[in-house]
Chemist: 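To start, I am sharing the structure in question, which I have written as structure tokens.
Computed from a predicted model, the values in this text were never measured in an experiment. Atoms within each ligand, like the ligands themselves, are counted from 1 in listed order.
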Amino acid sequence: MLAPSPAGFRRLWPLLKPHRRALLLGGLCMLVFVGCWPLLAWLAGQLIPAIGAGDFTKVLRSVAAALAVFLVQKIAQFGQDTLLAGPALRVSQELRRQLFARLQRLDFGALEKLSAGDLTYRLTEDADRVGEVIYKTIQDTTPSALQLVVVLGYMIWLDWPLALATLLLAPLVALMVSAFGARVMNAAERSQKQVSDLAALLGEAIGGLPLVRAFAAEPWLQQRFDTEIDLHRRAKYRTLELLALQHPVVGFIEAAGILSVLLIGAARIKAGGLDSQGFSSYVAALLMLIDPISHLTTNFNEFQQGQASLKRLRAIENEPVEPPDHADAKPLGSVSGELLLDGVSFGYEGGSPVLRQLDLHIRPGQVVALVGPSGAGKSTLFSLLLRFNTAQSGRVLLDGQNLADLRARDLRRAVALVPQQSSVFSGTVAEAIAFGRPASSEQIRQAARLANAADFIESLPGGYDSRLEERGSNFSGGQLQRLAIARAVLGNPAVMLLDEATSALDAEAEEAVQQGLQQAMAGRTVLVIAHRLATVQEADLIVVLDGGRIVQQGSHDELMASGGRYRELCERQFIRLEA
Ligand SMILES: Nc1ncnc2c1ncn2[C@@H]1O[C@H](COP(=O)(O)OP(=O)(O)OP(=O)(O)O)[C@@H](O)[C@H]1O
């Protein structure tokens, strides 16, 4: 976990380095902006007594000079704000980019642990808050702190005993601020946790809405939601309450401080330590401290809240990522699709073995059906073939090369997955098939033809440029399945991993998908987690997994003849289909 100190933010400095030029120019503008304050205080010292004395010429001169200084100061402020905003925004953008890149490489186990809603919250709300703090620190906190130092310096130069008395009041304010800051931070952390719980629940609820409706569970879900938003309101109220209390308390101390200074100032004039011009300048300077102090107070609170956000963002960095390729990972040339499992065993972290001592030889071009009861390890075997997970013992070889020695990118180009749920990203149909890979429109059309998707795509008003909504909600299940097949065959993979969809399609759609599959499978090694009797019967090899072991393998006829687990499964599952 991150140390609860500004160190979290300090670690962002390297991200600022490339923007040194803008920071330097912005910093120069800041110096001009801040340098104008003592000058203005001095001018106030000239102006106020001149007004009292009715010296109109002096008043006019002082006003003209103050106007000129104000003009320069405001121009410098504009330069400071615009020049510093760029780097600040770029840092928060870079932070978000780095975190998203990290997210893409997260180990699947870690990803499953973090809910989608929570992660979305972190990468939007938390990242925004951190961005805001970076922006404020550069563009507001720094000039405010500088203004504080410069104006205080000027006050000491004017009359140090009076300045000393003023300074004695400062720790009181600082004490109040930090005491409140800590409490606000705690409350903010609780409130953010609550918001992310809310986001997680919303994520679940939106995804599961059809299910909730189907079970008439709306009141139950509403109850859960109501409890969650109530907790959220309470946590938020606690933060607001503390903030509401902080402003009047700090404000009162400031007012008391200023009045005390006026009192001591009058005593200093009486004692002859200060003239009225000097005192006017002093009071003007003192008033110039209020603004930076209030900014620093507010920013300090936001800084504390931002730290809680940064902590939550940085926590993603502590999650394990997919192990990188070996330094001497070999590039993979064209492959024939021969697969060999040699004594492969695997178990998820902290769990018992899921795959045990698997030995299996799959020849190029073979269609292999994986069957077995739920939890037998079929999907886990797929995850090993895609190197989402790595075998703890034994080897998985593709054309004689150990998967562990290959570059993950090459492997995943050679081994394509058609998942059970045909998920797609929003975008055009062509983009859904290409899925980020460089492909000509002819290659995309060819893939669509193979997947038996070309006809329906071409009949759409926009053809390949038709848009898919989020999760492909404007396409039918069968169409999405064919798009997923087209996506898989686009890179011409030697091996295809097919997790057959279990959700039923109508006969026509089913036939279209089957035809697409048949065409897509031709000439490739195919491993299919089979739920359909037709697929199983037509497979060159059937592998029966049970409890993580291969308990039988052979053709349908062989296995039916020899009896055992396969026949049992068939009788239980498939014969029902035939009936
Ligand atoms: N990410 C995971 N972390 C921990 N255990 C897991 C994980 N994924 C699967 N398992 C466990 O591994 C075992 C095998 O699961 P797997 O999903 O491979 O089975 P399957 O044969 O594909 O089942 P199904 O047909 O129901 O999809 C199960 O006991 C499951 O609980």
Chemist: Work out which heavy atom in Leu460 is nearest to a heavy atom in Ser466; give both atom names and the distance.
Modeler: CB-OG, 3.4 Å
Chemist: With a 3.5 Å distance limit and no angle check, can you tell me whether Glu500 reaches the backbone of His531 through a side-chain donor-acceptor pair?
Modeler: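 Such a contact is found between Glu500 side chain and His531 backbone.
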Chemist: Within ligand 1, which atoms have a heavy atom of Thr380 less than 4.0 Å away?
Modeler: 14 (C), 15 (O), 16 (P), 18 (O)
Chemist: Select the closest option to atom 2 (C) of ligand 1 among Tyr348, Phe346, Phe388, judged by heavy-atom distance.
Modeler: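 Of the listed residues, Tyr348 has the closest heavy atom.
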Chemist: Measure from atom 28 (C) of ligand 1 to every heavy atom in Gly375, Pro373, Ser352 and give the option owning the shortest one.
Modeler: Gly375
Chemist: How far is atom 1 (N) of ligand 1 from its nearest protein heavy atom, and which residue and atom is that?
Modeler: Glu112 OE1, 2.9 Å
Chemist: Could Asp128 and Arg96 be called an ion pair, given the rule that one side-chain N must be under 4.0 Å from one carboxylate O?
Modeler: yes
Chemist: Determine, using heavy atoms of Gly372 and all atoms of ligand 1, whether some pair is separated by less than 4.0 Å.
Modeler: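 Not so, Gly372 does not reach ligand 1.
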Chemist: Taking Arg437 first and then Glu431, would you say they form a salt bridge - that is, a charged N and a carboxylate O separated by under 4.0 Å?
Modeler: no
Chemist: Considering heavy atoms of the protein only, find what lies nearest to atom 27 (O) of ligand 1 and give residue, atom and distance to 0.1 Å.
Modeler: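 Its nearest protein heavy-atom neighbour is Ser379 OG, 3.7 Å.
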Chemist: Would Gln519 and Gln515 count as having a side-chain donor-acceptor pair, cut-off 3.5 Å?
Modeler: yes
Chemist: Which residue holds the protein heavy atom closest to atom 25 (O) of ligand 1, what is that atom called, and what is the gap in Å?
Modeler: Lys378 NZ, 2.9 Å
Chemist: Looking at ligand 1, does Gly351 have a heavy atom less than 4.0 Å from it?
Modeler: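 Checking ligand 1 against Gly351, which is what was asked, there is no heavy-atom contact under 4.0 Å.
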Chemist: After noting the C-alpha distance and the side-chain angles of Thr525 and Val415, does the key distance pass the side chain to side chain contact (heavy atoms under 4.5 Å, CB included) rule?
Modeler: CA-CA 9 Å; Thr525 306; Val415 180; over 6 Å; no
Chemist: Which residue owns the protein heavy atom closest to atom 26 (O) of ligand 1, what's the atom, and how far is it?
Modeler: Ser374 OG, 2.6 Å
Chemist: Below the 3.5 angstrom mark, is there an N/O of Val354, backbone or side chain, next to an N/O of ligand 1?
Modeler: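 So ligand 1 has no N or O lying under 3.5 Å from an N or O of Val354.
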Chemist: Can a donor-acceptor pair be found, under 3.5 Å and without considering hydrogens, that links the side chain of Arg412 to the backbone of Arg387?
Modeler: yes
Chemist: Any protein heavy atom sitting closer than 4.0 Å to atom 31 (O) of ligand 1?
Modeler: no
Chemist: With distance as the sole test, does Arg356 use its side chain to make a donor-acceptor pair with the main-chain N or O of Gly547 at under 3.5 Å?
Modeler: yes
